[in-house]
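Have a look at the structure below, then the notes.
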Amino acid sequence: MGDSTVPLGYAKSSMSEEDFRLLRDFIYENSGIYFSDAKKDLLENRLSLRLKANNLKDYQEYYYMLRYGPQQSREIKALFDSVSTNETSFFRSPPQIQALQDYALIDVVKKRLERGENILRMWSAGCSTGEEPYTMAIVVKEFLKERLSEWDVKILASDISERALSSARRAEYNAYSLRSMPDLLKYKYFDNSGNTYKVKDEIKKLVELQYLNFVDSKRVSLMQGFDIVFCRNVLIYFDDALRKRFVSQLYDSLIPGGYLFIGHSESLHNITRAFKLVHFPGALAYKKE
Amino acid sequence: MTRDEVLKHLEKIEDLPTLPEVVSRIIVLAQSPDVNIRDLSGLIHRDPPLAAKVLKVANAPYYRCFLKDIDSLDRAIILLGMEEIVNIVTSVSVMSVFVDKGRGTGFKRKQFWNHCVATGIIARSFARELSAKTAGKEFVGGLLHDIGKILLDAYFHSSFVEAYEYSIENRCPLFMAESRILGITHMEVGYLLALKWGLPQYLGDIILNHHWPDKARFKDMVAIVSIANLLAKAGKYAYGGEKSSFILSDQSGWQVLDNMGYTVGAVDMERFTMSMDNVGKEVDSYITTVSGHSNGR
Ligand SMILES: [Fe+2]
Ligand SMILES: [Fe+2]
(Lines give C-alpha, C1' and ligand atoms only; values in the text may rest on other atoms or scores of the structure.)
(Ligands and ions follow the chains in the order given, each with its own letter.)
Protein backbone atom coordinates (compact mmCIF):
# COMPACT_ATOMS: atom_id res chain seq x y z
CA MET A 1 0.00 0.00 0.00
CA GLY A 2 2.57 2.48 -1.05
CA ASP A 3 0.11 5.33 -1.07
CA SER A 4 -0.93 4.98 2.53
CA THR A 5 2.44 5.41 4.18
CA VAL A 6 2.86 8.74 5.82
CA PRO A 7 6.33 10.02 6.47
CA LEU A 8 6.94 10.30 10.18
CA GLY A 9 7.03 13.71 11.74
CA TYR A 10 5.86 15.46 8.64
CA ALA A 11 3.50 18.02 10.13
CA LYS A 12 5.03 21.32 11.07
CA SER A 13 2.24 22.02 13.45
CA SER A 14 1.80 19.71 16.38
CA MET A 15 -1.57 18.60 17.59
CA SER A 16 -2.77 20.13 20.84
CA GLU A 17 -4.71 18.06 23.38
CA GLU A 18 -7.76 20.12 22.54
CA ASP A 19 -7.46 19.52 18.78
CA PHE A 20 -6.87 15.86 19.42
CA ARG A 21 -10.07 15.52 21.40
CA LEU A 22 -12.12 17.44 18.86
CA LEU A 23 -10.82 15.41 15.93
CA ARG A 24 -10.98 12.16 17.81
CA ASP A 25 -14.63 12.70 18.68
CA PHE A 26 -15.47 13.82 15.17
CA ILE A 27 -13.88 10.72 13.65
CA TYR A 28 -15.55 8.49 16.18
CA GLU A 29 -19.02 9.92 15.52
CA ASN A 30 -18.64 9.54 11.80
CA SER A 31 -16.79 6.29 11.41
CA GLY A 32 -16.77 4.52 14.74
CA ILE A 33 -12.99 4.48 14.58
CA TYR A 34 -11.74 5.39 18.02
CA PHE A 35 -8.33 6.83 18.79
CA SER A 36 -7.54 6.40 22.47
CA ASP A 37 -5.21 8.86 24.20
CA ALA A 38 -2.35 6.49 23.60
CA LYS A 39 -2.92 6.73 19.87
CA LYS A 40 -2.56 10.48 19.61
CA ASP A 41 0.73 10.24 17.74
CA LEU A 42 -0.74 7.80 15.30
CA LEU A 43 -3.66 10.10 14.51
CA GLU A 44 -1.41 13.09 14.20
CA ASN A 45 0.81 11.17 11.87
CA ARG A 46 -2.08 10.07 9.69
CA LEU A 47 -3.65 13.51 9.44
CA SER A 48 -0.48 15.44 8.73
CA LEU A 49 -0.83 14.72 5.03
CA ARG A 50 -4.39 16.03 4.99
CA LEU A 51 -3.10 19.28 6.45
CA LYS A 52 -0.57 19.54 3.71
CA ALA A 53 -3.03 18.59 0.96
CA ASN A 54 -5.41 21.32 2.07
CA ASN A 55 -2.71 23.83 2.78
CA LEU A 56 -3.76 24.31 6.38
CA LYS A 57 -1.64 25.70 9.13
CA ASP A 58 -2.86 23.65 12.06
CA TYR A 59 -5.19 20.91 13.20
CA GLN A 60 -7.77 23.33 14.48
CA GLU A 61 -8.25 24.68 10.96
CA TYR A 62 -8.57 21.15 9.76
CA TYR A 63 -11.25 20.47 12.33
CA TYR A 64 -13.23 23.54 11.20
CA MET A 65 -12.89 22.44 7.64
CA LEU A 66 -14.36 19.03 8.46
CA ARG A 67 -17.19 20.51 10.47
CA TYR A 68 -18.15 23.52 8.39
CA GLY A 69 -16.07 23.67 5.22
CA PRO A 70 -17.65 23.82 1.75
CA GLN A 71 -15.82 20.66 0.69
CA GLN A 72 -16.83 18.96 3.91
CA SER A 73 -18.12 15.67 2.52
CA ARG A 74 -15.22 15.25 0.14
CA GLU A 75 -12.76 15.84 2.91
CA ILE A 76 -14.53 13.39 5.20
CA LYS A 77 -13.98 10.69 2.59
CA ALA A 78 -10.30 11.58 2.43
CA LEU A 79 -10.22 11.51 6.21
CA PHE A 80 -11.69 7.99 6.24
CA ASP A 81 -9.04 6.97 3.72
CA SER A 82 -6.29 8.25 5.99
CA VAL A 83 -7.51 6.82 9.27
CA SER A 84 -8.77 3.44 8.14
CA THR A 85 -6.02 2.03 5.99
CA ASN A 86 -4.11 -0.78 7.51
CA GLU A 87 -1.47 -3.12 6.28
CA THR A 88 -2.86 -6.20 4.59
CA SER A 89 -1.70 -8.86 2.19
CA PHE A 90 -2.78 -12.03 0.41
CA PHE A 91 -3.06 -15.08 2.67
CA ARG A 92 -2.47 -12.89 5.69
CA SER A 93 -2.27 -14.98 8.89
CA PRO A 94 -1.80 -18.29 7.07
CA PRO A 95 -3.22 -20.44 9.92
CA GLN A 96 -6.55 -18.61 9.60
CA ILE A 97 -6.63 -19.12 5.86
CA GLN A 98 -5.67 -22.75 6.41
CA ALA A 99 -8.54 -23.08 8.89
CA LEU A 100 -10.93 -21.56 6.35
CA GLN A 101 -9.71 -23.98 3.72
CA ASP A 102 -9.44 -27.17 5.78
CA TYR A 103 -12.33 -26.83 8.19
CA ALA A 104 -14.76 -23.92 7.96
CA LEU A 105 -15.38 -24.04 4.23
CA ILE A 106 -15.83 -27.82 4.17
CA ASP A 107 -18.24 -27.51 7.05
CA VAL A 108 -20.44 -24.78 5.56
CA VAL A 109 -20.47 -26.36 2.10
CA LYS A 110 -21.56 -29.64 3.65
CA LYS A 111 -24.36 -27.88 5.55
CA ARG A 112 -25.53 -26.13 2.38
CA LEU A 113 -25.57 -29.41 0.49
CA GLU A 114 -27.56 -31.09 3.25
CA ARG A 115 -30.19 -28.44 2.72
CA GLY A 116 -30.04 -29.00 -1.01
CA GLU A 117 -28.57 -25.56 -1.66
CA ASN A 118 -25.54 -24.63 -3.70
CA ILE A 119 -25.20 -21.07 -2.55
CA LEU A 120 -22.18 -19.69 -0.74
CA ARG A 121 -22.10 -16.22 0.78
CA MET A 122 -19.11 -14.62 2.43
CA TRP A 123 -18.38 -11.15 3.68
CA SER A 124 -15.06 -9.48 4.00
CA ALA A 125 -15.96 -6.72 6.45
CA GLY A 126 -13.29 -4.04 6.25
CA CYS A 127 -11.73 -5.38 3.06
CA SER A 128 -9.27 -2.52 2.63
CA THR A 129 -7.53 -2.78 -0.74
CA GLY A 130 -8.99 -6.20 -1.59
CA GLU A 131 -6.32 -8.71 -0.64
CA GLU A 132 -8.60 -10.44 1.84
CA PRO A 133 -11.72 -10.96 -0.33
CA TYR A 134 -9.60 -12.09 -3.28
CA THR A 135 -7.80 -14.52 -0.98
CA MET A 136 -11.19 -15.86 0.10
CA ALA A 137 -12.23 -16.18 -3.54
CA ILE A 138 -9.06 -18.10 -4.40
CA VAL A 139 -9.61 -20.46 -1.48
CA VAL A 140 -13.20 -21.10 -2.59
CA LYS A 141 -12.11 -21.69 -6.16
CA GLU A 142 -9.37 -24.08 -5.02
CA PHE A 143 -11.89 -25.94 -2.94
CA LEU A 144 -14.79 -26.19 -5.37
CA LYS A 145 -12.61 -26.48 -8.51
CA GLU A 146 -14.73 -27.30 -11.58
CA ARG A 147 -17.81 -27.53 -9.38
CA LEU A 148 -17.56 -23.77 -8.89
CA SER A 149 -19.70 -23.24 -11.99
CA GLU A 150 -22.54 -25.16 -10.34
CA TRP A 151 -22.39 -22.90 -7.31
CA ASP A 152 -23.74 -19.45 -6.71
CA VAL A 153 -20.81 -17.88 -4.88
CA LYS A 154 -20.67 -14.29 -3.77
CA ILE A 155 -18.03 -12.66 -1.62
CA LEU A 156 -19.15 -9.28 -0.48
CA ALA A 157 -16.30 -6.96 0.34
CA SER A 158 -16.98 -3.71 2.12
CA ASP A 159 -14.89 -0.84 3.35
CA ILE A 160 -15.26 2.71 4.59
CA SER A 161 -12.45 4.03 2.43
CA GLU A 162 -13.38 4.91 -1.15
CA ARG A 163 -9.76 5.03 -2.05
CA ALA A 164 -9.16 1.53 -0.71
CA LEU A 165 -12.21 0.31 -2.63
CA SER A 166 -11.09 1.76 -5.92
CA SER A 167 -7.70 0.21 -5.42
CA ALA A 168 -9.48 -3.09 -4.74
CA ARG A 169 -11.48 -2.58 -7.94
CA ARG A 170 -8.23 -2.18 -9.93
CA ALA A 171 -7.09 -5.48 -8.37
CA GLU A 172 -3.43 -4.89 -9.14
CA TYR A 173 -0.85 -5.83 -6.55
CA ASN A 174 2.87 -5.98 -6.14
CA ALA A 175 4.98 -9.00 -5.33
CA TYR A 176 5.28 -7.93 -1.72
CA SER A 177 1.57 -8.24 -0.99
CA LEU A 178 1.63 -11.72 -2.52
CA ARG A 179 4.58 -12.86 -0.44
CA SER A 180 2.68 -15.39 1.71
CA MET A 181 0.94 -16.98 -1.25
CA PRO A 182 2.09 -20.29 -2.79
CA ASP A 183 3.69 -19.78 -6.21
CA LEU A 184 1.28 -22.10 -7.93
CA LEU A 185 -1.66 -19.95 -6.86
CA LYS A 186 0.07 -16.79 -8.03
CA TYR A 187 0.53 -18.42 -11.38
CA LYS A 188 -3.04 -19.68 -11.58
CA TYR A 189 -4.92 -16.61 -10.49
CA PHE A 190 -2.84 -13.58 -11.48
CA ASP A 191 -1.67 -12.01 -14.71
CA ASN A 192 1.87 -11.02 -14.01
CA SER A 193 3.89 -8.38 -15.77
CA GLY A 194 7.02 -7.09 -14.10
CA ASN A 195 6.25 -6.37 -10.47
CA THR A 196 2.52 -6.13 -11.07
CA TYR A 197 0.09 -8.93 -10.43
CA LYS A 198 -3.45 -8.47 -11.66
CA VAL A 199 -6.20 -10.68 -10.26
CA LYS A 200 -7.77 -12.77 -13.02
CA ASP A 201 -11.41 -12.28 -13.92
CA GLU A 202 -12.56 -15.70 -12.77
CA ILE A 203 -11.58 -14.63 -9.23
CA LYS A 204 -12.53 -11.00 -9.53
CA LYS A 205 -16.07 -11.75 -10.57
CA LEU A 206 -16.70 -13.66 -7.33
CA VAL A 207 -16.09 -10.50 -5.32
CA GLU A 208 -18.53 -7.65 -5.03
CA LEU A 209 -17.08 -4.44 -3.65
CA GLN A 210 -19.24 -2.07 -1.71
CA TYR A 211 -18.92 1.08 0.38
CA LEU A 212 -20.10 0.51 3.94
CA ASN A 213 -19.69 2.53 7.09
CA PHE A 214 -20.09 0.30 10.14
CA VAL A 215 -21.58 3.18 12.10
CA ASP A 216 -24.51 3.10 9.71
CA SER A 217 -26.31 0.41 11.61
CA LYS A 218 -29.33 0.42 9.30
CA ARG A 219 -27.23 -0.45 6.29
CA VAL A 220 -25.20 -2.94 8.29
CA SER A 221 -28.41 -4.70 9.35
CA LEU A 222 -29.11 -5.41 5.68
CA MET A 223 -26.06 -7.65 5.57
CA GLN A 224 -27.63 -11.07 5.94
CA GLY A 225 -27.29 -14.72 5.09
CA PHE A 226 -23.52 -15.23 5.26
CA ASP A 227 -21.81 -18.56 5.72
CA ILE A 228 -18.50 -17.00 6.61
CA VAL A 229 -17.54 -13.51 7.71
CA PHE A 230 -14.02 -12.16 7.96
CA CYS A 231 -13.73 -9.05 10.08
CA ARG A 232 -10.07 -8.85 10.92
CA ASN A 233 -8.41 -5.98 12.72
CA VAL A 234 -11.50 -3.80 12.49
CA LEU A 235 -12.87 -4.06 16.01
CA ILE A 236 -9.63 -2.72 17.45
CA TYR A 237 -10.52 0.67 16.03
CA PHE A 238 -13.89 0.84 17.79
CA ASP A 239 -14.83 1.72 21.32
CA ASP A 240 -16.68 -0.72 23.52
CA ALA A 241 -20.21 0.40 22.77
CA LEU A 242 -19.85 0.27 19.01
CA ARG A 243 -17.87 -2.95 19.22
CA LYS A 244 -20.74 -4.61 21.09
CA ARG A 245 -23.39 -3.33 18.71
CA PHE A 246 -21.41 -4.19 15.60
CA VAL A 247 -20.46 -7.69 16.80
CA SER A 248 -24.10 -8.47 17.50
CA GLN A 249 -24.84 -7.34 13.94
CA LEU A 250 -22.10 -9.62 12.68
CA TYR A 251 -23.78 -12.42 14.59
CA ASP A 252 -27.10 -11.62 12.92
CA SER A 253 -25.44 -11.48 9.52
CA LEU A 254 -24.45 -15.16 9.74
CA ILE A 255 -26.69 -18.11 9.02
CA PRO A 256 -26.78 -20.85 11.67
CA GLY A 257 -23.59 -22.89 11.39
CA GLY A 258 -21.71 -19.89 10.00
CA TYR A 259 -18.24 -18.79 11.07
CA LEU A 260 -16.78 -15.45 12.05
CA PHE A 261 -13.04 -14.85 11.82
CA ILE A 262 -11.55 -11.86 13.60
CA GLY A 263 -7.95 -10.64 13.82
CA HIS A 264 -5.31 -13.07 14.98
CA SER A 265 -4.77 -11.25 18.27
CA GLU A 266 -8.36 -10.17 18.91
CA SER A 267 -10.83 -11.65 21.37
CA LEU A 268 -14.61 -11.44 21.72
CA HIS A 269 -14.45 -12.67 25.29
CA ASN A 270 -15.53 -9.36 26.79
CA ILE A 271 -17.89 -8.47 23.97
CA THR A 272 -20.30 -11.34 23.52
CA ARG A 273 -20.97 -14.94 24.52
CA ALA A 274 -23.39 -15.53 21.67
CA PHE A 275 -20.87 -17.44 19.59
CA LYS A 276 -19.14 -20.70 20.31
CA LEU A 277 -15.37 -20.41 20.27
CA VAL A 278 -13.80 -22.88 17.83
CA HIS A 279 -10.17 -23.97 17.99
CA PHE A 280 -8.40 -24.75 14.75
CA PRO A 281 -4.70 -25.58 14.44
CA GLY A 282 -3.02 -22.28 15.24
CA ALA A 283 -6.20 -20.26 14.72
CA LEU A 284 -9.48 -19.40 16.41
CA ALA A 285 -12.91 -18.64 15.01
CA TYR A 286 -16.44 -18.13 16.26
CA LYS A 287 -19.37 -20.26 15.28
CA LYS A 288 -23.03 -19.37 15.31
CA GLU A 289 -25.04 -22.45 16.23
CA MET B 1 -2.78 -58.32 17.11
CA THR B 2 -5.32 -58.78 19.87
CA ARG B 3 -5.62 -57.23 23.26
CA ASP B 4 -4.82 -60.49 25.03
CA GLU B 5 -1.73 -61.03 22.95
CA VAL B 6 -0.48 -57.57 23.84
CA LEU B 7 -1.20 -58.07 27.51
CA LYS B 8 0.48 -61.46 27.55
CA HIS B 9 3.46 -60.07 25.74
CA LEU B 10 3.78 -57.17 28.19
CA GLU B 11 3.60 -59.65 31.10
CA LYS B 12 6.51 -61.60 29.71
CA ILE B 13 8.81 -58.70 28.94
CA GLU B 14 11.63 -58.87 31.38
CA ASP B 15 13.38 -55.67 30.58
CA LEU B 16 10.27 -53.61 31.13
CA PRO B 17 11.69 -50.40 32.52
CA THR B 18 11.53 -50.06 36.27
CA LEU B 19 11.30 -47.07 38.48
CA PRO B 20 14.36 -46.62 40.72
CA GLU B 21 13.64 -48.08 44.12
CA VAL B 22 14.26 -44.75 45.84
CA VAL B 23 11.59 -43.13 43.73
CA SER B 24 9.03 -45.79 44.57
CA ARG B 25 9.77 -45.25 48.23
CA ILE B 26 9.41 -41.50 47.87
CA ILE B 27 6.03 -41.98 46.23
CA VAL B 28 4.90 -44.29 49.02
CA LEU B 29 6.26 -41.93 51.65
CA ALA B 30 4.50 -38.96 50.06
CA GLN B 31 1.16 -40.73 50.45
CA SER B 32 1.61 -41.48 54.11
CA PRO B 33 0.00 -39.04 56.53
CA ASP B 34 3.08 -38.39 58.67
CA VAL B 35 5.61 -37.52 56.01
CA ASN B 36 8.26 -35.06 57.13
CA ILE B 37 10.94 -32.99 55.50
CA ARG B 38 13.85 -34.93 56.97
CA ASP B 39 12.66 -38.28 55.69
CA LEU B 40 11.90 -36.89 52.26
CA SER B 41 15.19 -35.08 51.94
CA GLY B 42 17.05 -38.13 53.21
CA LEU B 43 15.46 -40.39 50.63
CA ILE B 44 16.14 -38.07 47.72
CA HIS B 45 19.75 -37.71 48.81
CA ARG B 46 20.22 -41.46 48.42
CA ASP B 47 20.07 -40.94 44.68
CA PRO B 48 22.55 -38.14 44.00
CA PRO B 49 21.78 -37.73 40.27
CA LEU B 50 18.09 -37.47 41.13
CA ALA B 51 18.81 -34.95 43.88
CA ALA B 52 20.83 -32.86 41.42
CA LYS B 53 18.03 -32.89 38.86
CA VAL B 54 15.40 -31.98 41.42
CA LEU B 55 17.51 -29.03 42.47
CA LYS B 56 17.95 -27.97 38.86
CA VAL B 57 14.23 -28.07 38.18
CA ALA B 58 13.54 -26.22 41.42
CA ASN B 59 15.72 -23.43 40.07
CA ALA B 60 13.95 -23.32 36.71
CA PRO B 61 12.30 -20.04 35.73
CA TYR B 62 8.83 -21.21 36.69
CA TYR B 63 9.72 -21.70 40.36
CA ARG B 64 12.02 -18.73 40.53
CA CYS B 65 9.88 -16.45 42.56
CA PHE B 66 12.77 -16.36 45.02
CA LEU B 67 15.56 -13.86 44.99
CA LYS B 68 18.39 -16.26 45.59
CA ASP B 69 19.35 -19.53 44.03
CA ILE B 70 17.95 -22.50 45.85
CA ASP B 71 21.21 -24.16 46.73
CA SER B 72 20.15 -27.13 48.79
CA LEU B 73 17.47 -29.74 48.68
CA ASP B 74 16.30 -28.88 52.17
CA ARG B 75 15.81 -25.26 51.20
CA ALA B 76 13.98 -26.35 48.07
CA ILE B 77 11.63 -28.43 50.20
CA ILE B 78 11.02 -25.54 52.57
CA LEU B 79 10.48 -22.98 49.83
CA LEU B 80 8.47 -25.03 47.36
CA GLY B 81 6.75 -27.32 49.82
CA MET B 82 6.89 -31.08 50.05
CA GLU B 83 4.04 -31.62 47.67
CA GLU B 84 5.77 -29.72 44.90
CA ILE B 85 9.02 -31.56 45.52
CA VAL B 86 7.23 -34.88 45.22
CA ASN B 87 5.72 -33.62 41.95
CA ILE B 88 9.18 -32.78 40.69
CA VAL B 89 10.62 -36.13 41.80
CA THR B 90 7.81 -38.02 40.09
CA SER B 91 8.03 -36.11 36.80
CA VAL B 92 11.79 -36.11 36.63
CA SER B 93 12.25 -39.74 37.47
CA VAL B 94 9.51 -41.22 35.30
CA MET B 95 10.64 -39.10 32.39
CA SER B 96 14.29 -39.99 32.99
CA VAL B 97 13.58 -43.71 32.83
CA PHE B 98 12.54 -43.24 29.22
CA VAL B 99 14.52 -40.23 28.15
CA ASP B 100 17.91 -41.48 29.31
CA LYS B 101 17.52 -44.70 27.38
CA GLY B 102 18.68 -43.11 24.19
CA ARG B 103 16.70 -40.08 23.32
CA GLY B 104 15.47 -39.76 19.79
CA THR B 105 15.81 -43.48 19.15
CA GLY B 106 12.10 -44.05 19.46
CA PHE B 107 9.51 -43.18 16.88
CA LYS B 108 9.12 -39.39 16.64
CA ARG B 109 10.29 -39.26 20.23
CA LYS B 110 11.17 -35.59 20.28
CA GLN B 111 7.75 -34.68 19.02
CA PHE B 112 6.28 -36.97 21.66
CA TRP B 113 8.06 -35.28 24.57
CA ASN B 114 7.29 -31.85 23.22
CA HIS B 115 3.61 -32.79 23.22
CA CYS B 116 3.82 -34.14 26.77
CA VAL B 117 5.75 -31.24 28.27
CA ALA B 118 3.53 -28.71 26.48
CA THR B 119 0.46 -30.49 27.86
CA GLY B 120 1.94 -30.30 31.37
CA ILE B 121 2.76 -26.61 31.10
CA ILE B 122 -0.62 -25.73 29.62
CA ALA B 123 -2.37 -27.80 32.31
CA ARG B 124 -0.51 -25.91 34.99
CA SER B 125 -1.41 -22.50 33.53
CA PHE B 126 -5.00 -23.54 33.02
CA ALA B 127 -5.29 -24.80 36.60
CA ARG B 128 -3.95 -21.48 37.79
CA GLU B 129 -6.43 -19.65 35.57
CA LEU B 130 -9.24 -21.61 37.25
CA SER B 131 -7.73 -21.33 40.73
CA ALA B 132 -8.01 -25.11 40.84
CA LYS B 133 -6.57 -26.73 43.91
CA THR B 134 -4.75 -29.41 41.99
CA ALA B 135 -1.45 -28.48 43.62
CA GLY B 136 0.86 -28.89 40.66
CA LYS B 137 -0.26 -32.49 40.14
CA GLU B 138 -1.90 -31.42 36.88
CA PHE B 139 1.60 -30.68 35.58
CA VAL B 140 2.86 -34.18 36.42
CA GLY B 141 -0.32 -35.60 34.92
CA GLY B 142 0.04 -33.62 31.71
CA LEU B 143 3.64 -34.68 31.43
CA LEU B 144 2.88 -38.38 31.84
CA HIS B 145 -0.62 -38.74 30.38
CA ASP B 146 0.53 -40.46 27.18
CA ILE B 147 3.31 -42.55 28.72
CA GLY B 148 1.68 -45.71 27.34
CA LYS B 149 2.67 -44.63 23.84
CA ILE B 150 6.31 -45.18 24.70
CA LEU B 151 5.62 -48.76 25.76
CA LEU B 152 3.68 -49.42 22.57
CA ASP B 153 6.49 -47.92 20.55
CA ALA B 154 9.20 -49.83 22.41
CA TYR B 155 7.60 -53.28 22.43
CA PHE B 156 5.21 -53.24 19.45
CA HIS B 157 7.12 -50.84 17.31
CA SER B 158 5.92 -51.66 13.82
CA SER B 159 2.26 -51.93 14.84
CA PHE B 160 2.53 -48.66 16.71
CA VAL B 161 4.05 -46.90 13.71
CA GLU B 162 1.31 -48.40 11.58
CA ALA B 163 -1.31 -47.05 13.99
CA TYR B 164 0.33 -43.64 13.97
CA GLU B 165 0.26 -43.51 10.20
CA TYR B 166 -3.29 -44.79 10.09
CA SER B 167 -4.34 -41.95 12.41
CA ILE B 168 -2.67 -39.36 10.21
CA GLU B 169 -4.23 -40.72 7.03
CA ASN B 170 -7.69 -40.98 8.50
CA ARG B 171 -7.49 -37.93 10.73
CA CYS B 172 -8.65 -40.01 13.66
CA PRO B 173 -7.46 -40.05 17.25
CA LEU B 174 -4.36 -42.17 17.76
CA PHE B 175 -6.10 -44.28 20.40
CA MET B 176 -8.72 -45.32 17.86
CA ALA B 177 -6.02 -46.40 15.44
CA GLU B 178 -4.23 -48.23 18.24
CA SER B 179 -7.29 -50.13 19.24
CA ARG B 180 -7.92 -51.06 15.60
CA ILE B 181 -4.39 -52.24 14.89
CA LEU B 182 -3.09 -53.36 18.30
CA GLY B 183 -6.37 -54.17 19.97
CA ILE B 184 -5.31 -52.08 22.95
CA THR B 185 -4.73 -48.38 23.59
CA HIS B 186 -1.95 -46.29 25.07
CA MET B 187 -4.27 -45.43 27.94
CA GLU B 188 -4.67 -49.06 29.05
CA VAL B 189 -1.02 -49.91 28.58
CA GLY B 190 0.06 -46.77 30.42
CA TYR B 191 -2.36 -47.58 33.21
CA LEU B 192 -0.84 -51.05 33.61
CA LEU B 193 2.56 -49.45 33.95
CA ALA B 194 1.24 -46.99 36.53
CA LEU B 195 -0.12 -49.90 38.57
CA LYS B 196 3.06 -51.88 38.23
CA TRP B 197 5.15 -48.94 39.36
CA GLY B 198 2.82 -48.01 42.17
CA LEU B 199 2.40 -44.49 40.83
CA PRO B 200 -0.07 -42.34 42.79
CA GLN B 201 -3.72 -43.04 41.98
CA TYR B 202 -4.35 -39.66 40.47
CA LEU B 203 -1.70 -40.39 37.84
CA GLY B 204 -3.21 -43.74 36.92
CA ASP B 205 -6.54 -41.97 36.62
CA ILE B 206 -5.13 -39.31 34.28
CA ILE B 207 -3.30 -41.88 32.18
CA LEU B 208 -6.41 -44.05 31.82
CA ASN B 209 -9.10 -41.38 31.43
CA HIS B 210 -7.60 -38.32 29.78
CA HIS B 211 -9.75 -38.87 26.69
CA TRP B 212 -12.99 -39.19 28.70
CA PRO B 213 -12.64 -37.15 31.87
CA ASP B 214 -16.27 -37.70 32.84
CA LYS B 215 -15.31 -41.30 33.73
CA ALA B 216 -12.47 -40.22 36.01
CA ARG B 217 -12.31 -40.27 39.79
CA PHE B 218 -10.03 -37.27 40.13
CA LYS B 219 -12.39 -35.40 37.86
CA ASP B 220 -11.04 -31.86 37.87
CA MET B 221 -7.44 -32.95 37.52
CA VAL B 222 -8.23 -35.26 34.60
CA ALA B 223 -10.48 -32.64 32.98
CA ILE B 224 -7.75 -30.01 33.17
CA VAL B 225 -5.23 -32.37 31.59
CA SER B 226 -7.73 -33.38 28.88
CA ILE B 227 -8.23 -29.75 27.91
CA ALA B 228 -4.52 -29.02 28.02
CA ASN B 229 -4.03 -32.04 25.74
CA LEU B 230 -6.46 -30.56 23.20
CA LEU B 231 -4.87 -27.13 23.39
CA ALA B 232 -1.39 -28.58 22.94
CA LYS B 233 -2.60 -30.31 19.78
CA ALA B 234 -4.27 -27.19 18.43
CA GLY B 235 -1.03 -25.34 19.08
CA LYS B 236 2.24 -26.56 17.70
CA TYR B 237 2.40 -29.70 19.77
CA ALA B 238 0.34 -32.39 18.10
CA TYR B 239 1.31 -36.04 18.16
CA GLY B 240 -0.87 -38.26 16.00
CA GLY B 241 -3.46 -37.50 13.42
CA GLU B 242 -6.55 -36.40 15.24
CA LYS B 243 -8.37 -33.49 13.65
CA SER B 244 -7.51 -30.66 15.96
CA SER B 245 -10.62 -28.64 15.44
CA PHE B 246 -12.98 -28.51 18.37
CA ILE B 247 -15.42 -26.41 20.29
CA LEU B 248 -14.01 -26.21 23.77
CA SER B 249 -17.34 -25.65 25.51
CA ASP B 250 -18.69 -28.87 23.97
CA GLN B 251 -15.82 -30.98 25.31
CA SER B 252 -16.54 -33.31 28.20
CA GLY B 253 -13.59 -31.93 30.16
CA TRP B 254 -15.09 -28.48 29.94
CA GLN B 255 -18.48 -29.71 31.04
CA VAL B 256 -16.98 -31.66 33.94
CA LEU B 257 -15.31 -28.48 35.21
CA ASP B 258 -18.44 -26.45 34.66
CA ASN B 259 -20.55 -28.97 36.59
CA MET B 260 -18.04 -28.93 39.42
CA GLY B 261 -18.56 -25.20 39.80
CA TYR B 262 -15.36 -23.98 38.18
CA THR B 263 -15.99 -20.67 36.45
CA VAL B 264 -14.75 -21.84 33.09
CA GLY B 265 -16.95 -19.32 31.28
CA ALA B 266 -15.07 -16.48 32.91
CA VAL B 267 -11.73 -17.51 31.45
CA ASP B 268 -10.76 -15.56 28.34
CA MET B 269 -9.88 -18.65 26.34
CA GLU B 270 -8.89 -16.58 23.32
CA ARG B 271 -6.18 -14.78 25.25
CA PHE B 272 -5.25 -17.97 27.05
CA THR B 273 -4.86 -19.87 23.79
CA MET B 274 -2.80 -17.06 22.27
CA SER B 275 -0.53 -16.86 25.30
CA MET B 276 0.09 -20.61 25.03
CA ASP B 277 1.64 -19.92 21.63
CA ASN B 278 4.74 -19.01 23.57
CA VAL B 279 5.25 -22.18 25.61
CA GLY B 280 7.98 -23.32 23.22
CA LYS B 281 10.83 -21.86 25.21
CA GLU B 282 9.62 -23.37 28.44
CA VAL B 283 9.11 -26.73 26.75
CA ASP B 284 12.70 -26.71 25.50
CA SER B 285 14.16 -25.63 28.79
CA TYR B 286 12.26 -28.26 30.75
CA ILE B 287 13.41 -31.03 28.44
CA THR B 288 16.97 -29.78 28.58
CA THR B 289 16.91 -29.63 32.37
CA VAL B 290 15.51 -33.11 32.83
CA SER B 291 17.40 -34.92 30.10
CA GLY B 292 20.66 -33.05 30.30
CA HIS B 293 20.62 -32.98 26.51
CA SER B 294 19.62 -29.94 24.56
CA ASN B 295 16.32 -30.12 22.77
CA GLY B 296 17.78 -28.91 19.48
CA ARG B 297 15.23 -27.92 16.88
FE1 LIG C 1 -3.71 -39.69 24.82
FE1 LIG D 1 -1.86 -36.46 24.42
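Order of the sequence lines fixes the chain letters, A, B, ..., with proteins taken first and strands second; residue numbering starts at 1 for each chain. Quick note: numbers below take in every heavy atom, side chains included, and nothing from hydrogens, waters or symmetry partners.
The local environment of OH in Y191(B) is sparse, with at most 12 non-hydrogen atoms from other residues, nucleotides or ligands closer than 6.0 Å. Heavy atoms from other residues, nucleotides or ligands lying under 6.0 Å from CE of M176(B) number 12 at most. In R180(B), the CZ atom is not crowded: 12 or fewer heavy atoms of neighbouring residues, nucleotides or ligands sit closer than 6.0 Å.
Closest approach of M274(B) and S265(A) over heavy atoms only: SD-CA, 3.7 Å.
Residue contact with chain B, scored on non-hydrogen atoms closer than 4.5 Å, involves the side chain of Y103(A) exclusively. Using a 4.5 Å cut-off between heavy atoms, F275(A) does not touch chain B at all. In this structure, chain A has a heavy atom under 4.5 Å from the backbone of A266(B), while its side chain stays farther away. Contact annotation for L277(A): both backbone and side-chain heavy atoms come within less than 4.5 Å of a heavy atom of chain B.
No donor-acceptor distance shorter than 3.5 angstrom exists from the side chain of R271(B) to the backbone of H269(A), with no hydrogens or angles considered.
With rounding to the nearest 0.5 Å, the separation of CG in D250(B) from NZ in K287(A) is 8.5 Å.
Inspection of the S245(B) and H279(A) side chains reveals no N or O donor paired with an N or O acceptor under 3.5 Å.
Put simply, the side chain of I262(A) does not reach to within 4.5 Å of the side chain of E270(B), judged on heavy atoms.
Below 4.5 Å, heavy atoms of chain A meet heavy atoms from L231(B), A234(B), all part of residues 209-234 of chain B.
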